[in-house]
Amino acid sequence: MSGIYRARGEEVRAAYRELLDRWPVPAERLVVPTRHGDTFVVASGPADAPPVVLVHGSGSNTAMWLDDVAGWSREFRVIAVDVLGEPGLSAETRLPLDGPGHAEWFDDVLDAVGVAGAAFVGVSLGGFLVTDYALRSNRVRRLVLLNPGGFAPRRAGFMVKGVLLALLGEWGLRRSIKAAVGAVPPELVDHLVLVFRSFKPRMEPLPVFGRLGLAMPVLALLGARDAMLDAAATARRLAAEVPHADVRVLPEQGHHITGQTAPILEFLREGP
C-alpha cells in the first residue's frame, strides 16, 4: 500500500494506462526529473509549435484531456502533466499548497521539455496551481482557468454531502462523483469510481490568493452550477482585480466543464 492510496494503487495506475491507450493523436510519453520527484508527461503536436501546458485537477490525471487534445494539438505542442501526489504516474510527493514548491516543479518540467514559456490551461486544483505559478513566474504567456480554486472559499456543504453519499456504497459514490464533476464519459466515471475507492485525496484547505497581479491574457470559464466552487464570487473577483480577463459564466455547466475545446483554441490562437 503506497502513500497516496488506501489500497489498489497498482490497479488504479493500470486502468489509467488503459485510458491513455485511447489518446486520439500520436504522442510521446515522458518521465522527466524534477527536484520534487519524477513527473509523467504526455506531449502531442508539432515539436516546433507554440507550447501549451495542461494541468488537471485533484483526484484526476491527464486522461481528463482525451476530448480536447486532438483539436489543440493540430496547432500547438500540447504538454499534459500529471500533478505530483495525484492518481497519475508522477511521484507521490505532496508539496504544500501555500509555498513555492509547485512553482519550482513547473520550472523543472519546462526546463526538462525545453520550453522557455508557455500558455497554461488549468482545471480546479490545476487552475490554482497555474495561477500560483503565474504570480511567481514570468514563464506563463497566457492563462486559461476552468473553475479554478483559490479565488474564493470552497463550498463547505458539498464536502459533507459527498461523504454521506460515499457511505451508501457504489451507488452513492457514483452520485457523489456526478454531483462533483457533472457529465463525463462513462469510461471516465468508471475510472473515477476506482480512483476514489482507493485514493486518499488532499484534505488541507485550498488557500485563497491575496491580491492578484496577472498581467498576461486570461480566459476564465466558470460553471454556474459548480457545487464545489463559488463561480459568482470567482467571477466578481476576477472582474475587480484582473479587468482585462475574459470571464465567462456558463449557466448550464457544473464543476466539470465540457464543450469548450473550440473557445479555448480561439483564445490560444491569439498568442504568443
Side-chain angles (χ1 to χ4, degrees), residues 2-25 27-32 34 36-44 52-70 72-73 78-95 97 102 105-106 109 112-113 120-130 133 144-149 173-174 176-178 180-203 206 228 255-258 261:
S2 59
I4 63 171
Y5 293 99
R6 291 184 291 272
R8 303 168 72 183
E10 283 303 322
E11 187 177 346
V12 172
R13 286 186 281 268
Y16 173 41
R17 289 186 179 96
E18 289 181 7
L19 279 177
L20 286 176
D21 288 341
R22 304 184 188 187
W23 202 254
V25 293
E28 298 176 68
R29 297 185 189 181
L30 310 170
V31 177
V32 302
T34 80
H36 296 298
D38 287 350
T39 297
F40 180 73
V41 174
V42 180
S44 312
V52 177
V53 178
L54 310 182
V55 186
H56 62 78
S58 181
S60 185
N61 49 47
T62 287
M64 71 157 292
W65 306 109
L66 282 166
D67 289 342
D68 302 298
V69 68
W72 297 340
S73 63
V78 177
I79 301 163
V81 297
D82 277 355
V83 174
L84 297 171
E86 296 296 331
L89 299 177
S90 292
E92 297 183 0
T93 310
R94 281 189 171 159
L95 304 173
L97 294 173
H102 286 101
W105 171 66
F106 278 128
V109 171
V113 298
F120 280 73
V121 182
V123 178
S124 192
L125 174 65
F128 170 86
L129 295 179
V130 300
Y133 189 46
V144 180
L145 304 172
L146 290 84
N147 284 329
L173 185 56
R174 288 180 178 273
S176 182
I177 289 169
K178 183 177 180 181
V181 300
V184 296
E187 62 270 19
L188 286 184
V189 173
D190 292 340
H191 183 61
L192 289 172
V193 168
L194 174 61
V195 166
F196 282 101
R197 281 176 177 163
S198 312
F199 177 66
K200 295 187 288 189
R202 284 179 173 270
M203 298 305 294
L206 193 66
M228 299 176 66
H255 190 64
H256 178 71
I257 291 178
T258 60
T261 305

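Given the structure is predicted, the values throughout are model-derived calculations rather than measurements.
- For the side chain to side chain donor-acceptor pair (under 3.5 Å) test, no residue two or more places apart in sequence or in another chain qualifies with Glu18.
- Residues Trp105 and Val83 share a closest heavy-atom pair of CH2-CA, 3.8 Å.
- Contact detail for Thr261 and Trp72: the closest heavy-atom pair is O-NE1, 3.0 Å.
- With sequence neighbours left out, Leu97 forms a side chain to side chain contact (heavy atoms under 4.5 Å, CB included) with His102, Leu125, Phe128, Leu129, Arg202, Glu204, Leu206, Pro207.
- Within the model, atoms CG of Asn147 and NE2 of His256 stand 10.5 Å from one another, a figure rounded to the nearest 0.5 Å.
- Considering only residues two or more places apart in sequence or on other chains, Val130 meets the side chain to side chain contact (heavy atoms under 4.5 Å, CB included) condition with Val55, Phe106, Phe120, Leu143, Leu145.
- Between Arg6 and Pro201, the shortest heavy-atom distance links the atoms NH1-CD, 4.4 Å.
- Annotation: the span from Phe199 atom CZ to Arg8 atom CZ amounts to 15.0 Å, rounded to 0.5 Å.
- Annotation for His56 and Asp82: closest pair NE2-CA, 3.5 Å, computed over non-hydrogen atoms.
- Between Phe40 and Ser90, the closest heavy-atom pair is N-OG, 2.9 Å.
- To the nearest 0.5 Å, the span separating CG on Asp38 from CD on Glu92 amounts to 12.0 Å.
- With rounding to the nearest 0.5 Å, the separation of OG in Ser58 from CE in Met228 is 7.5 Å.
- Atoms OG1 and CG, from Thr258 and Asp67 in turn, are 9.0 Å apart once rounded to the nearest 0.5 Å.
- Here the side chains of Leu146 and Val121 are in contact, with some heavy-atom distance below 4.5 Å.
- At a threshold of 4.5 Å between non-hydrogen side-chain atoms, the residues Tyr5 and Pro87 count as touching.
- The side-chain heavy atoms of Leu89 and Arg17, taken from C-beta on, include a pair separated by under 4.5 Å.
- Ser73 pairs by the side chain to side chain contact (heavy atoms under 4.5 Å, CB included) definition with Val25, Ser44, Val69, Val78, not counting sequence neighbours.
- Residue Gly59 comes nearest to Val195 through the heavy atom pair O-CG1, 3.9 Å, listed as atom of the first residue, atom of the second, then distance.
- Here the straight-line distance linking atom CG of Leu66 with atom CZ of Arg22 works out to 8.0 Å at 0.5 Å rounding.
- Not counting sequence neighbours, the partners of Arg29 by the salt bridge (charged side-chain N to carboxylate O under 4.0 Å, His left out) test are Asp21.
- For Glu10, the salt bridge (charged side-chain N to carboxylate O under 4.0 Å, His left out) test picks out Arg13, with sequence neighbours left out.
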